[in-house]
Number of protein chains: 2
Amino acid sequence: MNVMNESPRRKELTRQAAQLFVQEGFDRTTVRMLAQEMGIKSGSLFHHFRDKQEILAAVIEEGTQNALIIAREALARCDSSASARLHAMARAHLETLLTDRSAHVVALYDWRRLDPEARAHLSHLRDAYEALWEQVIDAALAEGLIHGDRFLVSRFVMGALNWTVRWYDPEGPRTPDELADELVAMITRSGSAD
Amino acid sequence: MNVMNESPRRKELTRQAAQLFVQEGFDRTTVRMLAQEMGIKSGSLFHHFRDKQEILAAVIEEGTQNALIIAREALARCDSSASARLHAMARAHLETLLTDRSAHVVALYDWRRLDPEARAHLSHLRDAYEALWEQVIDAALAEGLIHGDRFLVSRFVMGALNWTVRWYDPEGPRTPDELADELVAMITRSGSAD
DNA sequence: CGTTTACACTAGCGCTTGCTTGGTTGACCC
DNA sequence: GGGTCAACCAAGCAAGCGCTAGTGTAAACG
């Protein structure tokens, strides 16, 4: 068993598990299905992961880590105006939602299947990510770009964005960046869309 | 087995099933748990429902029907101004999300567990509900109350509202109506939320 | 060379799952 | 007072579940 996270082999297996989890849901995915997808037998799976739950935790951790990295890079890449940072965060959010779609869908649907320890660990990661949002929204409020309650606004915005995994079609006419810009336009009063 | 929907007994059982489903999730809820919650033995369950999936469909149907009724009543009760109708829809949406919380949480999380026939049937119900929203949003766009793409705006708004089931605490300081009004304020340009 | 390590295998244990079968009960009905 | 019917029960089947134990093997290391 691999105690610490992220041997290269384990990382690849995690990626494949994510695909199956999003197709079937965590509960409906059996260790035998996972093993077959990975090209090994079900017993061999437990050389890499202590149990089934640990696979779930690995999948979610991977996705959340990436979200944090992408958001931080996006913020570092833009100037300090509230508007630019708001756009950057929204775009970054949708970018992760697309590139790590599997992991995020799993996180949204199967979060409660995590055991308490894993949940505590991943909650910290998620809180760090949400803190970025609240910070950007605070700045936008201070500049008068948006109005309302800091807590509610960030919840509403993240809700609207996360909900996109339920209806957004990457093959469709709209790019993720267009979505992000439209959302920001909607909540800023300057909102003269198109 | 009860072929048509809604004998009084079946309705009560459906209500109890909803509670368990939201606690455990559909997959994790066994027919034995359901039976115990209902005060009967697991075998007797199949006198009322053909199989486990039919219980899920009954739960979701109940919730969606109520959402439709409440929204229609709310619209009938207010004047024809776009602003009033927007507020009414948002409030109605959060009202159902609270009073039929179990059913809606189940619908959000376990929709994909429905078999194709049930899904087709319930999709129609859901589409009827969403049509109400799009109609109200069309009117708000026409009046210049909000701006942007009709499709995107309605998706964003419903996302923000549905997401509340993940964080809203009914025991907390905010009433559902306050939430609804704050959201409407956020997306209308008149939004001077104190 | 011998030892270690990573990865995989076979075989199956103990348990739970959704659901079926065949039968019992008690209230209602002409 | 025989017939009907919804509601329930006891018992259990066949399948599938997560996971373990013990073993094989080939590359890496000293």
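Because only heavy atoms are used, hydrogens play no part in the values below, and waters and symmetry mates are left out as well, while side chains stay in. Numbers restart at 1 for each chain; the letters A, B, ... are given by sequence-line order, proteins then strands.
Cation-pi geometry between Lys52(A) and Phe46(A) is not met: the NZ or CZ atom fails to fall both under 6.0 Å from the ring centre and inside 45° of the normal.
Side-chain contact annotation: His121(A) with Glu61(A), donor-acceptor N/O pair under 3.5 Å present.
Helix-axis bend for the helix from dC1(C)-dG30(D) to dC30(C)-dG1(D): the local axis fitted to the five terminal pairs at one end deviates from that at the other end by 10°, rounded to 10°.
Shown here are the side-chain contact (heavy atoms from CB on, under 4.5 Å) partners of Arg119(B), two or more places apart in sequence or in another chain: Trp111(B), Arg112(B), Leu114(B), Ser123(B).
One finds a side-chain N or O of Arg9(B) lying less than 4.0 angstrom from the OP1 or OP2 phosphate oxygen of dC8(D). Phosphate contact (OP1/OP2 of dC7(C), side-chain N/O of His47(A), threshold under 4.0 Å): present.
Put simply, CE on Met38(A) is 12 Å from P on dC9(C), counting in whole angstrom units. Between the CD1 atom of Ile40(B) and the C1' atom of dA10(D) there is a distance of 14 Å, given to the nearest Å. Look at CG on Leu34(A): it is 17 Å from P on dG16(D), rounded to the nearest Å. Here dG18(C) presents its P atom at 12 Å from CG of Leu20(B), a figure rounded to the nearest Å. Note: CZ (Phe26(A)) to P (dC17(D)) measures 13 Å, nearest angstrom. Arg10(B) places its CZ atom 11 Å from the P atom of dA7(D), with the value rounded to the nearest Å. Going from atom CG of Leu45(A) over to atom P of dC19(D) covers 10 Å, rounded to whole Å. Distance, Met33(A) CE to dG16(D) P: 12 Å, rounded to whole Å.
Under a 4.0 Å N-O distance rule, the pair Arg174(B)/Asp169(B) does not qualify as a salt bridge.
Using a 4.5 Å heavy-atom cutoff, the side chains of Tyr168(B) and Leu97(B) are not in contact.
Between His93(A) and Tyr129(A), the ring centre distance stays below 6.0 Å.
Cluster membership for Leu125(A) and Leu132(A), using ILVMFWY side-chain heavy atoms within less than 4.5 angstrom, is shared.
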Checking Arg91(B) against Asp181(B) for the salt bridge (charged side-chain N to carboxylate O under 4.0 Å, His left out) test, could you report, in this order, the C-alpha distance in whole Å, the side-chain angles of both residues, the deciding distance, and whether it holds? CA-CA 8 Å; Arg91(B) 286 173 173 228; Asp181(B) 294 345; 2.7 Å; yes
Could you run through nucleotides 19-25 of chain C and give me one letter per nucleotide, 5' to 3': B if any protein heavy atom sits under 4.0 Å from the base, S if only the sugar-phosphate is that close, - if neither? BB-----
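With hydrogens and angles disregarded, a donor-acceptor distance shorter than 3.5 Å links the side chain of Arg10(B) to the backbone of His48(B).
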